[in-house]
Protein chains: 2
Amino acid sequence: MMNNAPDVYAQHPKISVAVDCVIFGYEEDELKLLLYPRRFEPNKGEWSIMGGFVRHDESMDVTVKRVLKQTVNLENIYMEQVRAYSEPDRDPGGRVISMAYYALIRIDEHDKELVDEKGGKWWPITNHPEMIFDHSQMVSDALEKLQNKATFNLIGEELLPKLFTLTQLNSLYNAIFQREFNPGNFRKKLATLDVLEKLKKKDTQSSKRGAFFYRFKKGKTNTQYERIVKI
Amino acid sequence: MMNNAPDVYAQHPKISVAVDCVIFGYEEDELKLLLYPRRFEPNKGEWSIMGGFVRHDESMDVTVKRVLKQTVNLENIYMEQVRAYSEPDRDPGGRVISMAYYALIRIDEHDKELVDEKGGKWWPITNHPEMIFDHSQMVSDALEKLQNKATFNLIGEELLPKLFTLTQLNSLYNAIFQREFNPGNFRKKLATLDVLEKLKKKDTQSSKRGAFFYRFKKGKTNTQYERIVKI
DNA sequence: GCAAAAGTGTTACCGGTACACCCATGT
DNA sequence: ACATGGGTGTACCGGTAACACTTTTGC
């Protein structure tokens, strides 16, 4: 396409390149991921994460954005590269190199009808089915990346409602790391970070006393390098 | 090639896929990287890291191994994926998606003649020339990855001689992080890790008293999850 | 009053840091 | 003897973990 001369590039093999995106959401105190039944052979009907092929005019980031738009009808999603999977025989249907990503979305904001239409289903990270090819590996690598991210940045903005309580944030961290952080110590740690803004309003959904709502301070998002939890 | 039926895969674009490898070495108390003058247009003669195209029957790891064999004539090299670079216009010569890797080698063990032949040159990480395309970005991303690795694993086995002193290891860490770690505290930290084996022999090259040689314990390599240095 | 979740206070401990100091040896 | 790098000891400080305790409110 861009070649206009006898070209060293032209003699090299070309390969189908895809992205596969682990879509994480948070609901009912659980970290969940969105899986789809594969729509064509090979392995038709088995569970997989959503993916798409990289087009000639797209960077991989753009491909993922397009896939997310088509999948959950959301834009401006937080996402991150996980790693590339390139074993020649990883996909029995043909030679495809795939770059895994993970994305964080608010489950309550996504397009449920669109997901239903394509047979998508949210699964708890602690209890999901086996997936095609190396997708199970992608999921576990993505979770590891997410945990790493959550260690050095206070995440939650992309997964929680815009207003949330410290208890909810605590529960999110419990779900991500699959362990219980001490509520007292967790909120003391948060207090040192200067990323959250306390509001006057209270959430009375889950307690009689009510818990103050918080939100992320503008401009502080994803700019922290604090260590949130110990490894 | 593997297609044998009307195939959904066949309709998708195919793209040239390359790997580019940041080769790190350690010499004269400095972390260095190996750069080459590009051998063809566009940007012929400008500095670049070594790369190669992924063949149909190769995983990316295998491609890197092949490139390293051809470049420095070494095998069984420690290497790690950095990230993918996929902007459509990143390479003015054509559409190429590149996966960046870094590799760690012992400078004194590599094939200097082979490197010379191709115009390769070792540059200190603190003072290297501008590179083609996004290679400068690859180098800085690779260094960040290496620092991250060195934070949670005691590295050195791949960069230092088989026998080394704690002072040398200290200097390596200084070079990687571009700061001075306190020698007393550094060696106390090492003592808690149970990865190094103290030998009876002493190195008398750089001091009158002599410093004990150490080596990495078998089986402990790259299996540590300790935090070596604070971020 | 009591249960239940929100939120605070107290204390002990561990690990990092800074830095002073001792050790061994060639010249 | 003294300079030089190797190596050890110590004292302080801050963050973390464990956990007891108080607050608020609906029932």
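Order of the sequence lines fixes the chain letters, A, B, ..., with proteins taken first and strands second; residue numbering starts at 1 for each chain.
B:Phe212 carries B:Lys198 over the face of its six-membered ring, with the cationic atom under 6.0 Å from the centre and within 45° of the normal.
Using a 4.0 Å cutoff on non-hydrogen atoms, the parts of residues 159-167 of chain A near DNA chain C are A:Thr167, ordered by number.
Between A:Lys189 and A:Asn185, the side chains place no donor N or O within less than 3.5 Å of an acceptor N or O (distance only, hydrogens not considered). If you check the side chains of B:Asp203 and B:Thr165, you find no donor sitting under 3.5 Å from an acceptor.
Atom CZ of B:Arg187 and atom C1' of C:dC19 are 16 Å apart (whole Å). Going from atom CZ of A:Phe181 over to atom C1' of D:dC19 covers 18 Å, rounded to whole Å. The distance between atom CD of A:Glu180 and atom P of C:dA5, rounded to the nearest whole Å, is 13 Å. At whole-Å resolution of the value, CD in A:Gln168 and C1' in C:dA6 are 13 Å apart. Rounded to whole angstrom, the span from the CG atom of B:Leu190 across to the P atom of C:dG15 amounts to 15 Å. Put simply, CZ on A:Arg179 is 10 Å from C1' on D:dA17, counting in whole angstrom units. One can place CG of B:Asn185 at 16 Å from P of D:dC13, the figure rounded to the nearest angstrom. Regarding B:Phe186, its CZ atom lies at a distance of 17 Å from the C1' atom of C:dA18, rounded to whole Å.
Partners of B:Arg187 according to the side-chain hydrogen bond (donor to acceptor under 3.5 Å, both in side chains) rule, which considers only residues two or more places apart in sequence or in another chain, do not exist here. Considering only residues two or more places apart in sequence or on other chains, B:Lys200 meets the salt bridge (charged side-chain N to carboxylate O under 4.0 Å, His left out) condition with none of them. With sequence neighbours left out, the salt bridge (charged side-chain N to carboxylate O under 4.0 Å, His left out) criterion links B:Arg39 to no other residue.
A:Ser206 comes within contact range of the sugar-phosphate backbone alone, with a heavy-atom separation under 4.0 Å but no base atom that close.
No donor-acceptor contact under 3.5 Å links the side chain of A:Lys188 to the base of D:dG15.
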**Q.** Contact pattern, 5' to 3', of nucleotides 21-27 of chain D - B, S or - by protein heavy atom under 4.0 Å
**A.** --BBBS-

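Between A:Asn182 and B:Phe212, the residue anchored closer to the 5' end of DNA chain D is B:Phe212, taking for each the nucleotide with the nearest heavy atom.
Summary for the helix from C:dG1-D:dC27 to C:dT27-D:dA1: the axes at its two ends, each from 5 pairs, differ by 20° when rounded to the nearest 10 degrees.
Using a 4.0 Å cut-off between charged side-chain N and carboxylate O, B:Glu197 and B:Arg215 make a salt bridge.
Scanning both residues, A:His135 and A:Ile49, for their nearest heavy atoms gives ND1-N, 3.1 Å.
At least one side-chain heavy atom of B:Asp194 sits less than 4.5 Å from a side-chain heavy atom of B:Lys217.
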Q | Step-by-step side chain to side chain donor-acceptor pair (under 3.5 Å) determination, A:Tyr85 to A:Glu87 | A | CA-CA 6 Å; A:Tyr85 298 78; A:Glu87 292 300 320; over 6 Å; no

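Side-chain atoms of B:Ser136 never come within 3.5 Å of backbone atoms of B:Ile132 as a donor-acceptor pair (strictly under, hydrogens ignored). Distance alone, capped at 3.5 Å, places no donor-acceptor pair between the A:Tyr101 side chain and the A:Met79 backbone.
Phosphate contact (OP1/OP2 of D:dT16, side-chain N/O of A:Lys189, threshold under 4.0 Å): present.
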